[in-house]
Chemist: 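My structure is below; once you've seen it, I'll send some questions.
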Amino acid sequence: MLDIRLIRRDPEGVAAALSRRGPQAARTVEAVVELDARWREVTAALEQLRAEQNAANRALRGAPDDAQRAALAELAARGRTLSDEEASLRAQRDAAMASLPNLPIPEAPNADEVLREVGERLPAGRDHLELAGSRIDMERGARLSGSRFAYLRGDLVMLEIALLRYAMDKLAAEGFEPVIPPVLVREPALYGTGFLPDTEQQIYTLPDDDLYLTGTSEVALASLHRDEIVPVDALPRRYAGFSSCFRREAGAAGKDTRGIFRVHQFDKIEMFCFVAPELAADEHLRLLAIEESIMADLRIPYRVVAIGVDDLGASAAMKYDVEAWLPGQRRYRELTSCSNTTDYQARRLDVRYRPAEGRPAHLATLNGTAVAIGRTIIALLENGQQPDGSVTLPPALHGLGAPDRLAPSDGR
RNA sequence: GGAGGGGUGGCAGAGUGGUCGAAUGCACCGGUCUUGAAAACCGGAGUCCGGCGACCCCGGACCGCGGGUUCGAAUCCCGCCCCCUCCGCCA
């Protein structure tokens with residue numbers, strides 16, 4: 001949600017910033033301005049009438065006589081009309097506002113920009129399914145649940161647990177509180193994070209219970225302080241959420257159909273931060289630095305991409321992707337990303353803090369992937385592969401429950 | 001799944017149709033007093049919207065949320081959400 005005051009003050013500026021994301025948003029800004037002006041007009045009239053009613057009732061101090069009652073009833077009837085009109089205009093304005101995406105920050109590029117490439121690449125190699133064998137069981141997964149579902153088995157389960165332990169230790173040292181959130185949420189949580197209205201085709205719904213399965217723990221973590229005024233000395237708040245994530249992948253037909261690169265269910269450790277607005281840009285770089293540090297720890301070659309504004313989700317003002325080199329695909333693929341959502345989500349969720357000066361203000365929120373476990377396993381397998389088909393795992397994972405070296409595939 | 005009780009300011013807790021944004025206590029902030037502190041006393045303090053992007057001021061709204069009845073709703077009615085107790089079931 002954008003700040004209505006900002007739209008009133010500088011509608012052209014807002015429209016110009018939004019037009020970088022496409023032509024629709026600018027038109028919506030116009031509609032918002034128009035609806036808001038009418039809303040304010042009606043509101044002024046309604047409030048004046050309420051003031052009259054209040055004054056009359058205060059003067060009465062008891063039951064009115066018939067003449068007074070008739071006069072007051074007339075006021076009340078006018079009040080109902082105005083009040084209906086006010087509610088309707090407000091609903092229209094708010095719906096239009098809710099459909100507006102966040103303002104990209106000026107630093108966000110128009111098109112994807114590769115900022116740097118780090119690490120030594122294995123030019124080509126076996127892909128993760130060849131290396132994993134039956135430890136990634138696609139066929140039985142499909143028999144159970146359909147395409148894009150898999151059983152993870154054996155060593156790879158221990159590898160997942162090691163990755164989880166590694167990530168939580170690392171993030172705890174960075175000041176993040178570990179959280180395991182619910183993955184079933186009500187609609188306001190998705191609205192508040194900007195996934196609704198925007199990406200409904202990606203979301204699993206449970207209509208019998210009015211619940212949604214979340215595609216990322218970002219949704220639950222963002223709602224952790226919903227409707228709260230967070231004490232200023234408790235800032236910044238940093239959370240490391242671990243949860244399964246569920247995505248319908250509608251519209252991805254035919255894309256990434258091999259293996260577990262794109263599946264309907266995967267586990268992920270997610271970083272989520274609440275910070276004062278002026279610190280959001282620094283925090284964004286901090287998240288990116290953590291993501292790069294994880295890549296380095298895991299010995300995964302990668303590149304950093306500043307995402308173009310036309311690829312930003314509704315809530316993001318700026319986003320970086322960290323793309324891992326996958327020898328099996330001979331190209332870079334997205335492994336993690338981090339977004340600065342400024343005050344867009346905080347405004348929708350009403351998460352505020354009390355600045356040293358002035359009234360409560362909305363916080364900024366940021367999110368970033370620490371470890372997307374499925375894709376990280378792919379990257380570890382493909383980049384750690386040896387000529388004999390075994391896989392060497394990086395020292396950062398040693399002693400956390402997984403073998404230091406994964407045996408070659410059993411060929412099944 | 002069944003039965004019952006309850007949601008009022010930071011907290012506790014009054015208020016069951018009329019001057020109630022709401023008694024009282026605690027906590028908090030300022031002041032008087034004091035060498036200093038405590039106590040006592042005096043005063044202040046919430047959030048949101050609009051007027052007017054700031055202060056003051058004015059008006060409006062907010063007693064879980066949303067509707068309704070009424071000249072008038074914290075109070076009556078309807079729906080929803082949440083919490084608690086008991087029974088059943090369950091990991």
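No hydrogens, no waters, no symmetry mates; every other heavy atom, side chains included, goes into these values.
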Chemist: Paired with A38(B): which nucleotide, if any, by Watson-Crick or G-U wobble criteria at under 3.5 Å for both distances?
Modeler: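 The answer is none; no pair meets the criterion.
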Chemist: Write down the distance separating the C1' atoms in G7(B) and U70(B), rounded off to the nearest Å.
Modeler: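 One C1' to the other, the span is 25 Å.
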Chemist: If you restrict it to nitrogen or oxygen atoms, what contacts under 3.5 Å exist between nucleotides 48-52 of chain B and the protein, and what is each distance?
Modeler:
residue : atom : partner   : partner atom : Å
C48(B)  : OP1  : Arg352(A) : NH1          : 2.6
C49(B)  : OP2  : Arg5(A)   : NH2          : 3.3
G50(B)  : OP1  : Arg8(A)   : NH1          : 2.4
G50(B)  : OP1  : Arg8(A)   : NH2          : 2.6
G51(B)  : OP1  : Arg40(A)  : NH1          : 2.8

Chemist: Between G6(B) and C56(B), how far is it from one C1' atom to the other, in whole Å?
Modeler: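 The answer is 43 Å between these two C1' atoms.
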Chemist: In whole angstrom, give me the gap between the P atoms of C49(B) and U32(B).
Modeler: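 After rounding to an integer number of Å, I get 36 Å for this pair.
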Chemist: List the steps, then state whether side chain to side chain donor-acceptor pair (under 3.5 Å) holds for Thr28(A) with Gln24(A).
Modeler: CA-CA 6 Å; Thr28(A) 306; Gln24(A) 179 54 48; 3.3 Å; yes
Chemist: Closer to the 5' end of RNA chain B via nearest nucleotide, is it Ile229(A) or Ala51(A)?
Modeler: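 With Ile229(A) and Ala51(A) compared, the 5'-side residue is Ile229(A).
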Chemist: Between G67(B) and C81(B), how far is it from one C1' atom to the other, in whole Å?
Modeler: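 To the nearest whole Å, 15 Å.
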Chemist: Which base, if any, makes a Watson-Crick or G-U wobble pair with G4(B), both distances under 3.5 Å?
Modeler: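 Here G4(B) is engaged in a pair, and the nucleotide opposite it is C84(B).
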Chemist: Rounded to whole angstrom, note down the P distance from C26(B) over to C42(B).
Modeler: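 C26(B) and C42(B) have their P atoms separated by 12 Å.
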Chemist: In whole angstroms, how far is the C1' atom of U69(B) from the CZ atom of Arg80(A)?
Modeler: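 Going from CZ in Arg80(A) over to C1' in U69(B) covers 9 Å.
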Chemist: Could you give the CD-to-P distance, from Glu52(A) to A61(B), as a whole number of Å?
Modeler: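 Nearest whole value for this atom pair: 13 Å.
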Chemist: Could you state the interatomic distance from CG (Leu393(A)) to CG (Asp404(A)), rounded to the nearest 0.5 Å?
Modeler: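 Those atoms lie 7.5 Å apart.
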Chemist: Excluding sequence neighbours, so at least two apart, what forms ring-ring contact (aromatic ring centres under 6.0 Å, His included) with Tyr344(A)?
Modeler: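 Counting only residues at least two positions away or on another chain, Tyr344(A) forms no ring-ring contact (aromatic ring centres under 6.0 Å, His included).
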Chemist: Is there a side chain to side chain donor-acceptor pair (under 3.5 Å) between Arg348(A) and Gln345(A)? Walk through the geometry before answering.
Modeler: CA-CA 5 Å; Arg348(A) 288 175 165 234; Gln345(A) 295 178 332; over 6 Å; no
Chemist: Check nucleotides 76-81 of chain B against the protein and report each pair of N or O atoms closer than 3.5 Å, with its distance, or say if there are none.
Modeler:
residue : atom : partner   : partner atom : Å
C81(B)  : O3'  : Arg186(A) : NH2          : 2.6

Chemist: Output a table of donor-acceptor pairs, distance under 3.5 Å, between side-chain atoms of residues 74-84 of chain A and any protein atom two or more places apart or on a different chain; print 'none' if there are none.
Modeler:
residue  : atom : partner  : partner atom : Å
Thr81(A) : OG1  : Ala77(A) : O            : 3.2

Chemist: If each of Ala76(A) and Arg9(A) is mapped to the nucleotide of RNA chain B with the nearest heavy atom, which maps nearer the 5' terminus, i.e. the 5' end?
Modeler: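 Nearer the 5' end of the strand: Arg9(A).
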Chemist: What is the pairing partner of G79(B), taking Watson-Crick or G-U wobble pairs with both distances under 3.5 Å in any strand?
Modeler: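 Looking at the geometry, G79(B) pairs with C65(B).
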Chemist: Starting at CZ of Arg258(A), measure out to CD of Glu130(A) and round the result to the nearest 0.5 Å.
Modeler: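 Here the interatomic distance stands at 6.0 Å.
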Chemist: Need the pair for C57(B). Rule: Watson-Crick or G-U wobble, both distances under 3.5 Å, any strand; none if unpaired.
Modeler: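 Base partner found: G51(B).
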Chemist: Atom CZ of Arg50(A) to atom C1' of G21(B): distance rounded to whole Å?
Modeler: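 Taking CZ of Arg50(A) and C1' of G21(B), I get 17 Å after rounding.
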Chemist: Across all strands shown, which nucleotide pairs with C90(B) by Watson-Crick or G-U wobble geometry, both distances under 3.5 Å?
Modeler: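 Matched C90(B) with nothing under the 3.5 Å cut-off.
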Chemist: Does G59(B) have its OP1 or OP2 closer than 4.0 Å to a side-chain nitrogen or oxygen of Asn54(A)?
Modeler: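 It does not, given that no N or O in the side chain of Asn54(A) lies less than 4.0 Å from OP1 or OP2 of G59(B).
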Chemist: Is the count of non-hydrogen atoms from other residues, nucleotides or ligands lying under 6.0 Å from Gln386(A) atom CD greater than 12?
Modeler: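 Count over threshold, so yes.
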Chemist: Just the rounded figure in Å: distance from C1' of U70(B) to CD of Glu74(A).
Modeler: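 Spelled out: CD on Glu74(A) to C1' on U70(B) is 16 Å.
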Chemist: Distance between the C1' atoms of G10(B) and A27(B), in whole angstroms?
Modeler: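 Taking atom C1' in both G10(B) and A27(B), they lie 8 Å apart.
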Chemist: Does CD1 belonging to Ile180(A) count more than 12 external heavy atoms closer than 6.0 Å?
Modeler: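 Not buried by this count: 12 neighbours or fewer within 6.0 Å.
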Chemist: For the NE2 atom of His284(A) and the CG atom of Leu287(A), what is their distance to the nearest 0.5 Å?
Modeler: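 One finds 6.5 Å between NE2 of His284(A) and CG of Leu287(A).
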Chemist: Determine the interatomic distance between P on C82(B) and the same-named atom on G66(B); round to the nearest Å.
Modeler: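 It works out to 16 Å between them.
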Chemist: Quick test: give all pairs of protein nitrogen or oxygen and nucleotides 66-68 of chain B nitrogen or oxygen below 3.5 Å, distance rounded to 0.1 Å.
Modeler:
none

Chemist: Would you mind pulling out the nucleotide paired to G43(B), Watson-Crick or G-U wobble, both distances under 3.5 Å?
Modeler: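 For G43(B), the partner nucleotide comes out as C29(B), under the 3.5 Å rule.
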Chemist: Between C1' on G64(B) and CZ on Arg226(A), what's the gap in Å once rounded to a whole number?
Modeler: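 Atom CZ in Arg226(A) sits about 12 Å away from atom C1' in G64(B).
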Chemist: Between C11(B) and G46(B), how far apart are the C1' atoms? Round to whole Å, please.
Modeler: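 Per the computed distance, 14 Å lies between those C1' atoms.
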Chemist: Is there a side chain to side chain donor-acceptor pair (under 3.5 Å) between Lys268(A) and Thr369(A)? Walk through the geometry before answering.
Modeler: CA-CA 7 Å; Lys268(A) 180 157 66 79; Thr369(A) 323; 5.2 Å; no
Chemist: With side-chain contact (heavy atoms from CB on, under 4.5 Å) as the test, would you mind laying out the steps for Val351(A) and Thr365(A) before giving the verdict?
Modeler: CA-CA 9 Å; Val351(A) 184; Thr365(A) 60; 5.8 Å; no
Chemist: With a 3.5 Å limit on both atom pairs, tell me what G9(B) is paired to, counting Watson-Crick and G-U wobble, or say none.
Modeler: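 Partner of G9(B): none found under 3.5 Å.
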Chemist: Classify the angle between the aromatic ring planes of Tyr204(A) and His264(A) as parallel (below 30°), tilted (30 to 60°) or perpendicular (above 60°).
Modeler: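 Tyr204(A) vs His264(A) ring planes: perpendicular.
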Chemist: Just distance, no hydrogens or angles: give the donor-acceptor pairs under 3.5 Å from side chains in residues 6-16 of chain A, sequence neighbours left out.
Modeler:
residue  : atom : partner  : partner atom : Å
Arg8(A)  : NE   : Asp36(A) : OD2          : 2.6
Arg8(A)  : NH2  : Asp36(A) : OD1          : 3.0
Asp10(A) : OD1  : Gly13(A) : N            : 3.0

